[in-house]
Amino acid sequence: MQTVGWLVLCIFPFFFGTWFFYKKRFCLGLNSIIFGEILLASILFVARFPFYRTYHSGYNQMLFTGMHEDWYALFWTFIEQYSLATRLPEALLLAGGIYLGWCFCLKQVLRRHFTAIFSYGVGKKMANVWVEYTLLLVAVFVLGRLSLFNGSWSWQHQINWENSGITNDNLLNEAILDDGQAIYRAYRIKERHDACNGLSYTPQMVQNLGMFLSGKKERNNDLAFYLRKEAKGPYIQPAPKHIFLIVSESYANWPLLPQYANFHIADGMKKIIAQSDTAYSPFFLPNGSSTVNALMGVVTNLADANLYLTTMTAQMKKPYLTAAAPQWEKLGYQTNFYYAGPATWENIGKFTKAQGFQHFYSRGDLPSNSAGSVWGVDDEYLYRYVLEHLGAQKSFTVILNVSNHSPFSLDLKSKGFPAAQVRAALPKEQRNNELLLRELGHFWYADKMLSQFITAMKAKYPDSIFVIVGDHADRYNVENVPTMYHRYAIPIIITGKGVKKDMLKGGTVGSQIDIFPTLMDLVAPHAFTYYSVGHSLLQKSEVAANYAFVLTDNYIGKTDTEKFAPHYFAPNNRHLPYREALEYASAIRAVSWWLAQHGTKLF
């Protein structure tokens with residue numbers, strides 16, 4: 001109703017001008033605005049379907065995140081992945097049909113009323129005209145009031161985007177909001193994000209949460225005191241010569257679970273996991289909902305506090321205290337970052353260098369004949385470049401790939417994808433879903449290339465270790481309504497020289513900000529001082545969190561709701577209290593927010 005109110009408000013002056021004066025300019029103005037509104041509404045309506053399929057949501061803040069993307073790449077993604085060439089004509093046909101219907105109705109109304117005005121004269125007939133005008137004004141008042149209060153008569157019962165989700169089905173809850181209200185929701189959330197979503201911590205609060213996070217009882221005016229840690233190892237001796245952190249696009253954990261074994265889309269990494277020099281935990285969270293959150297997490301080791309750090313490079317005088325690259329450099333490691341896409345994406349080139357990486361390589365550095373999509377080169381070309389380019393010098397290397405990403409344009413048949421086998425494993429209602437099959441094929445490809453790269457690199461540099469995580473999950477599942485755990489969890493896999501299978505003990509829980517301290521325990525000299533927000537997974541680790549979720553080894557729950565409602569997915573006897581889990585989420589958020597905004601000084 002509020003969307004309708006705003007649309008009507010735009011045409012009101014022209015509507016009454018047409019009604020009372022019947023001037024040509026008012027008619028033209030009215031119809032032009034109405035057609036524009038109808039066309040916009042039709043485009044939004046048609047685009048809603050692929051948007052929901054991708055994000056399990058009506059229009060949300062990803063609209064504004066997309067403004068930072070490569071528009072050329074987005075355009076070709078819309079063409080190749082989301083059928084812009086057919087969807088746009090559909091929207092135009094829909095708008096044209098509605099507009100013609102509107103013109104017909106308006107013509108009939110105007111003809112009847114203006115004929116009545118000029119022919120009735122006075123008396124009862126003229127009285128009938130004024131009755132109609134009175135009824136019109138009453139109708140306008142009623143519609144206006146309902147629009148003002150979102151379909152209710154008063155503010156006490158008004159419905160808005162924050163309280164409209166009254167069913168336990170996400171699709172129905174999203175259907176309650178029309179496109180206008182969904183965009184308004186996205187705008188409001190963006191406003192909150194721009195203001196750190198209402199985050200405002202006092203120095204005292206940050207100090208208290210820093211004490212909770214570190215377990216230290218002393219009070220200190222420097223946040224560095226609470227972030228300072230000492231390596232417990234080294235668990236691997238001698239230290240590996242090469243350390244790789246591979247952040248794989250949309251590499252979710254669910255294909256690695258036993259119930260999905262018959263899909264065979266993760267067989268490559270399953271073979272790696274089965275090896276004696278590999279540790280794996282299925283209880284891992286990304287740093288946020290998008291690749292840029294993962295990027296910020298692994299580069300700065302700060303938890304997501306709704307700060308767009310990649311856009312803040314101009315004000316970065318030096319790397320953050322917790323940044324990974326400078327701390328690896330102290331251990332004598334050369335630091336490298338390899339990205340399959342362009343250096344301009346999310347300002348990634350400038351950002352990684354501002355945070356201390358000595359070398360950054362992107363699509364422009366790779367051979368020009370490397371195949372790929374608008375987002376970057378295919379994984380096989382990226383891995384081949386790393387394999388051929390990496391020298392013998394001791395190094396810490398981050399690799400960020402893109403193949404398992406729309407527009408899903410790989411020629412899967414030429415890569416050997418067993419489509420018939422995967423189709424047979426799908427639920428019956430999904431077996432004709434060609435897009436889902438193509439998406440699963442790209443996961444299969446990413447998994448295959450990843451395992452081949454690790455095998456080849458182990459052969460070339462036996463003294464290497466590898467950490468593999470997804471940048472995020474939440475892009476596609478084989479179920480229409482996946483569980484929260486299946487939808488959001490990513491794996492962590494550590495493999496290579498000196499790694500023992502029991503290093504990640506059963507129930508080890510973590511997130512991307514815990515990777516750096518884990519590696520410090522693995523390879524740094526005993527008592528080596530480093531700084532991190534996260535904790536080592538080689539020590540007791542029972543909880544992980546990002547801005548939206550808290551995860552333990554048997555429940556996951558949203559943190560952005562008034563009442564924490566955990567979803568249990570693995571029954572066991574251990575049960576971390578919700579209060580402690582939520583306090584951990586608040587602590588990593590507050591400390592990261594303060595460090596990024598104000599530095600280490602608290603008072």
Side-chain angles (χ1 to χ4, degrees), residues 244-284 340 378-384 386-387 399 401-405 408-427 430-431 433-460 464-479 482-483 485-487 489-496 499 501 504 506:
F244 297 91
L245 171 54
I246 305 172
V247 184
S248 192
E249 171 67 46
S250 298
Y251 199 89
N253 184 68
W254 67 264
L256 297 170
L257 298 175
Q259 58 265 48
Y260 300 100
N262 58 339
F263 284 89
H264 296 286
I265 60 173
D267 288 354
M269 289 311 300
K270 284 182 179 179
K271 289 180 181 178
I272 299 290
I273 291 171
Q275 295 171 1
S276 59
D277 65 346
T278 303
Y280 158 68
S281 175
F283 309 119
F284 215 68
D378 295 336
D379 290 0
E380 58 190 281
Y381 300 99
L382 174 65
Y383 292 142
R384 183 186 304 167
V386 177
L387 192 63
I399 303 173
N401 62 39
V402 299
S403 284
N404 189 25
H405 188 288
F408 302 109
S409 55
L410 275 167
D411 180 2
L412 293 171
K413 186 177 181 180
S414 69
K415 306 297 182 184
F417 173 54
Q421 176 180 276
V422 176
R423 189 190 299 275
L426 285 169
Q430 296 281 26
R431 288 177 186 169
N433 189 336
E434 296 300 326
L435 177 57
L436 177 60
L437 187 66
R438 189 148 44 101
E439 290 169 339
L440 296 176
H442 281 71
F443 189 101
W444 168 87
Y445 170 80
D447 177 87
K448 180 181 178 181
M449 293 301 105
L450 179 56
S451 62
Q452 288 182 357
F453 170 72
I454 292 171
T455 301
M457 193 60 83
K458 279 184 176 181
K460 185 174 183 179
S464 300
I465 62 170
F466 304 80
V467 179
I468 301 97
V469 294
D471 61 344
H472 54 71
D474 188 30
R475 285 298 183 267
Y476 49 84
N477 296 80
V478 295
E479 301 91 355
T483 67
Y485 170 67
H486 287 178
R487 181 174 168 184
I490 59 173
I492 180 170
I493 303 164
I494 305 176
T495 185
V499 177
K501 192 163 287 293
L504 299 180

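Position 1 is the first residue of the sequence; numbering continues from there.
Between Trp254 and Pro482 there is no side-chain heavy-atom pair separated by less than 4.5 Å. A 4.5 Å side-chain heavy-atom check between Trp444 and Pro255 finds every atom pair outside the cut-off. Considering only heavy atoms from C-beta on, Thr278 comes within 4.5 Å of Ile493 through its side chain. Here the side chains of Asp277 and Lys458 are in contact, with some heavy-atom distance below 4.5 Å. The shortest side-chain heavy-atom distance between Ile272 and Phe466 does not fall under the 4.5 Å cut-off. In this structure the side chain of Val478 reaches within 4.5 angstrom of the side chain of Leu440, judged on heavy atoms. A 4.5 Å side-chain heavy-atom check between Ile399 and Leu382 finds at least one atom pair inside the cut-off. With contacts defined as side-chain heavy-atom distances shorter than 4.5 Å, the pair Ile468/Ile494 does not qualify.
In this structure, the side chain of Lys501 engages the main chain of Gln275 through a donor-acceptor pair within 3.5 Å. Listed for the Lys460 side chain is a donor-acceptor partner under 3.5 Å among the backbone atoms of Leu387. When atom types are taken as modelled, the side chain of Asn401 and the backbone of Glu249 share a donor-acceptor pair closer than 3.5 angstrom. In this structure, Arg438 contributes its side chain and Phe408 its backbone to a donor-acceptor pair below 3.5 Å. Counting only distance, with no hydrogens or angles, the side chain of Asp379 and the backbone of Met449 share no donor-acceptor pair below 3.5 Å. Of the possible polar contacts, none joining the Arg475 side chain to the Ser250 backbone as a donor-acceptor pair under 3.5 Å is found.
The pair Glu479-Arg487 does not count as a salt bridge, with every side-chain nitrogen at least 4.0 angstrom from each carboxylate oxygen. Note on Lys448 versus Asp267: no salt bridge recorded, every NZ/NE/NH1/NH2 to OD/OE distance being 4.0 Å or above.
Note: Phe417 and His264 fail the aromatic proximity criterion, with ring centroids not under 6.0 Å apart. Side-chain rings of Tyr251 and Phe443 approach one another, their centers coming within less than 6.0 Å.
Residues Tyr476 and Glu439 share a closest heavy-atom pair of OH-O, 3.1 Å. Heavy-atom minimum distance, Asn253 versus Pro491: OD1-CB, 3.4 Å. Counting all heavy atoms, side chain and backbone alike, His442 lies closest to Leu410 at NE2-N, 3.1 Å. Considering every non-hydrogen atom in both Ala489 and Pro282, the closest pair reads CB-O, 4.2 Å. Closest approach of Ala340 to Val402, counting heavy atoms only: CB-CG2, 3.7 Å. When all heavy atoms of Ala473 and Ala252 are compared, the closest pair comes out as CB-CB, 3.6 Å.
When Asp378, Asn404, Ile265 are each tested for a side chain to side chain contact (heavy atoms under 4.5 Å, CB included) with Tyr445, only one passes: Asp378. Screening Ile492, Thr495, Leu256 for a side chain to side chain contact (heavy atoms under 4.5 Å, CB included) with Tyr280, the sole residue that qualifies is Leu256.
In this structure, the separation between CG on Asp471 and NE2 on His405 is 8.5 Å, given to the nearest 0.5 Å. Rounded to the nearest 0.5 angstrom, Ser403 OG and Asp447 CG are separated by 12.5 Å. With rounding to the nearest 0.5 Å, the separation of CD1 in Ile273 from NZ in Lys270 is 8.5 Å. To the nearest 0.5 angstrom, Phe244 atom CZ is 4.0 Å from Met457 atom CE.
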Can you list the steps and then say if His486 with Tyr260 is a side chain to side chain donor-acceptor pair (under 3.5 Å)? CA-CA 11 Å; His486 287 178; Tyr260 300 100; 3.1 Å; yes

Query raised in the report: Are Val386 and Tyr381 close enough, and set up right, to give a side chain to side chain contact (heavy atoms under 4.5 Å, CB included), and what steps lead you there?
Result: CA-CA 9 Å; Val386 177; Tyr381 300 99; over 6 Å; no

**Prompt:** Can you check side chain to side chain contact (heavy atoms under 4.5 Å, CB included) on Leu435 and Asn433, steps first, answer last?
**Reply:** CA-CA 6 Å; Leu435 177 57; Asn433 189 336; 3.8 Å; yes

